[in-house]
Chemist: 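First the structure, which I've put down as structure tokens, then a few questions once you've had a look.
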Amino acid sequence: MFDSGVGGLSVLRALRAELPGVRFTYLADSLHAPYGERGADWVAKRSQAIVQWLRQVHRIDALVVACNTATALAIDGLRARHADLPIVGVEPAIKPAAELSASGHVGVLATRGTLGSERYRALRQRLEAAAGRPLHIHDQPCDGLAGAIERDDAEAIERLGLQHVTTVRQATPALDTLVLGCTHYPFATEVLQRAAGPGVRLVDTGEAVARRTRQVLGLEAAAHGQPPLAGSVLLTTGEPEALTAAARRWLGWHGEARRVVVPDAA
Ligand code: DGL
């Protein structure tokens, strides 16, 4: 699995509960984070290079694209080039959010890359066509927020979280559901929930992605627990200390992350 950085750990947290026997290779491309404001071609090329490397060096059997931005901009190309590899992506949970929303007013927090993608536009259009009632979806590009979470910059997380959620609330006063459409954002839940207020439900995708991955791998549901990620490795193109600290804090992981070099594809 890979993400631009530490955000995909929110997906790994759900995966390890759903798939206790599986060994995960997690790659944080932190040297290049954040992806969200980089542009479609760059994200598509970099994702190809990463998957080629994960296959050659780590012999992965399946891939989870633990990044909404990379899913939105690269997953079609990855599936085309790696037709023999089971691939699961992560997309903003607007469908479950619309089902949960009483008012039909839903906010979507995500990167500019995700919200501007053709894939997201089509997902939203399909949902609106099938909804059977008027839906009011407010897309909010959260510039800077994933980067602040990546740097573990508490002041910036607080300021940007408040700023972006306030923009959604002002545009959508009847808001009752807020989608966390970037895998970094669950790590800012406390700030986002406080900014949104107690009447707004936050919706994350980690557990749905974990269930989908289990189905794709053809594995039985296991008793949920918090197994120790035995045999799994955490790799980063950035600072190993940052990934180790994030995994320790959010997953209770006791290992050390390793730095790796993932070349751009030839
Ligand atoms: N965690 C990623 C996502 O889900 C990317 C955030 C970023 O790198 O901008 O979109």
Side-chain angles (χ1 to χ4, degrees), residues 1-15 26-47 49-51 63-76 78 87-94 97 107-121 123-124 139-153 156-157 160-161 163-164 178-189 191-192 202-210 212-213 234-239 242-243 246-247 250-251 262:
M1 57 195 294
F2 77 96
D3 178 42
S4 63
V6 299
L9 292 177
S10 65
V11 179
L12 179 56
R13 189 164 62 180
L15 279 169
Y26 181 96
L27 176 70
D29 193 18
S30 295
L31 185 62
H32 299 103
Y35 280 6
E37 292 144 57
R38 276 185 178 272
D41 287 351
W42 188 93
V43 174
K45 277 203 190 105
R46 185 65 189 156
S47 300
I50 286 173
V51 176
L63 174 75
V64 177
V65 182
C67 174
N68 290 263
T69 311
T71 300
L73 301 175
I75 202 164
D76 291 340
L78 293 175
I87 299 179
V88 177
V90 34
E91 290 186 306
I94 53 175
V108 184
L109 306 180
T111 67
R112 214 162 262 286
T114 298
L115 296 174
S117 69
E118 181 53 33
R119 196 177 171 88
Y120 177 72
R121 199 187 56 76
L123 178 72
R124 200 182 137 157
D139 294 337
Q140 180 59 36
C142 295
D143 292 350
L145 184 57
I149 294 167
E150 191 66 28
R151 298 191 307 277
D152 195 20
D153 179 343
I157 296 170
L160 293 167
Q163 176 191 315
H164 293 308
L178 197 51
V179 175
L180 305 189
C182 166
T183 55
H184 280 70
Y185 301 165
F187 297 128
T189 293
V191 169
L192 299 174
L202 305 190
V203 180
D204 161 28
T205 29
E207 286 172 18
V209 172
R212 176 80 193 126
T213 306
L234 298 192
L235 310 171
T236 178
T237 57
E239 295 305 323
L243 182 59
W250 294 322
L251 276 74
V262 179

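Keep in mind that what you see is a predicted model, and the values were worked out from it rather than measured. All values below were derived from every heavy atom in this structure, side-chain atoms included, with hydrogens, water molecules and symmetry-related copies excluded. Order of appearance sets the numbers: ligands from 1, and atoms from 1 within every ligand.
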Chemist: Do other residues, nucleotides or ligands put more than 12 heavy atoms under 6.0 Å from the CZ atom of R212?
Modeler: no
Chemist: Look only at the side chain of E150 and the backbone of V6, and say whether a donor-acceptor pair between them is shorter than 3.5 Å.
Modeler: yes
Chemist: I'd like to check which ligand 1 atoms, numbered from 1 as shown, lie under 4.0 Å from a non-hydrogen atom of S4.
Modeler: 5 (C), 6 (C), 7 (C), 8 (O)
Chemist: Give the atoms of ligand 1, by number and element, whose distance to some non-hydrogen atom of T69 is under 4.0 Å.
Modeler: 3 (C), 5 (C), 10 (O)
Chemist: Where the side chain of S117 meets the backbone of Y120, is there a donor-acceptor pair that is under 3.5 Å apart?
Modeler: yes
Chemist: Among G8, C182, G147, A72, which residue places a heavy atom closest to atom 6 (C) of ligand 1?
Modeler: C182
Chemist: Which one holds for A146 and ligand 1: side chain close, backbone close, both close, or neither close, with close meaning a heavy atom under 4.0 Å?
Modeler: side chain
Chemist: Is there a donor-acceptor pair closer than 3.5 Å between any side-chain N or O of H164 and the backbone N or O of D143?
Modeler: yes
Chemist: Closer than 3.5 angstrom, by distance alone: can the side chain of S30 be matched with the main-chain N or O of T236 as a donor-acceptor pair?
Modeler: no
Chemist: Please classify the D3 to ligand 1 contact at 4.0 Å (heavy-atom distances, strictly less than): side chain, backbone, both or neither.
Modeler: side chain
Chemist: Within the 4.0 Å heavy-atom shell around T111, which atoms of ligand 1 are there?
Modeler: 6 (C), 9 (O), 10 (O)
Chemist: I need the nearest protein heavy-atom contact for atom 7 (C) of ligand 1: residue, atom name and distance, please.
Modeler: Y35 N, 3.3 Å
Chemist: What do you reckon, does G7 put a non-hydrogen atom under 4.0 Å from ligand 1?
Modeler: no
Chemist: Is it the case that the side chain of T71 and the backbone of V90 share a donor-acceptor pair, with hydrogens and angles ignored and the cut-off at 3.5 Å?
Modeler: yes
Chemist: Based purely on interatomic distance, does E37 place a nitrogen or oxygen under 3.5 Å from a nitrogen or oxygen of ligand 1?
Modeler: no
Chemist: If only atom types and distance count, is the side chain of D29 paired as donor or acceptor with the main-chain N or O of G5 below 3.5 Å?
Modeler: no
Chemist: Return the closest protein heavy atom for atom 9 (O) of ligand 1 as residue, atom name and distance.
Modeler: G36 N, 2.8 Å
Chemist: Going by heavy atoms, is C67 under 4.0 Å from ligand 1?
Modeler: yes
Chemist: Main chain of G8, side chain of Y26: is a donor-acceptor contact present, judged purely on distance under 3.5 Å?
Modeler: yes
